[in-house]
Amino acid sequence: MYSPGGCGCALLLAPVMAAAVGIAALSLGLAALAIILLIVALVLSAREIKRVRAGGSVRTGIIAAATVLYILSLPYLGLFIWFWFFD
């Protein structure tokens with residue numbers, strides 16, 4: 001139907017656009033969290049390598065924590081980069 005005020009399509013699409021903006025903000029927030037986790041994992045790894053090279057023993061807890069942080073952050077960042085920039 002035609003109305004003098006214009007099409008009602010904008011009113012129908014407003015909730016969809018609001019949901020899209022919310023999902024985009026959520027994915028950006030998760031990407032920021034994944035970057036922080038990656039930085040923490042890199043710092044833990046660098047400190048542990050420096051400690052071991054100085055003659056200390058390997059701490060398996062730190063290695064396990066860094067590994068878990070890598071596993072949590074890298075796949076999400078890879079998918080985020082793929083979907084936001086290449087898809």
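Side-chain atoms are counted along with the backbone in the values below, which use heavy atoms only and exclude waters and symmetry mates.
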Cluster check Tyr76, Ile35: I/L/V/M/F/W/Y, side chain < 4.5 angstrom: no

Closest contact, heavy atoms only, Tyr70 versus Ser45: OH-OG, 3.1 Å

CG-CG distance between Leu74 and Leu79, expressed to the nearest 0.5 angstrom: 11.0 Å

Partner of Val40 under side chain to side chain contact (heavy atoms under 4.5 Å, CB included), chosen from Val43, Leu44, Leu37: Leu44

Atom pair CG (Leu30) and CG (Leu26), whose distance is rounded to the nearest 0.5 Å: 4.5 Å

Glu48 (side chain) donor-acceptor with Arg59 (main chain) under 3.5 angstrom: yes

Interatomic spacing from CG in Leu69 to CD1 in Ile36 - rounded to 0.5 Å: 12.0 Å

NZ-CZ distance between Lys50 and Arg47, expressed to the nearest 0.5 angstrom: 8.5 Å

Validation row: Ser27, Phe83 side chains within 4.5 angstrom (heavy atoms): no

Euclidean distance, Leu33 CG relative to Leu38 CG, rounded to 0.5 Å: 11.5 Å

Interatomic spacing from OG in Ser73 to CZ in Phe80 - rounded to 0.5 Å: 13.5 Å

Under 3.5 Å donor-acceptor, Arg51 side chain and Val58 backbone: no

Residue pair Ile63 / Thr67: nearest heavy atoms and the distance that separates them: O-OG1, 2.7 Å

ILVMFWY network linking Ile81 to Leu28, side-chain heavy atoms under 4.5 angstrom: yes

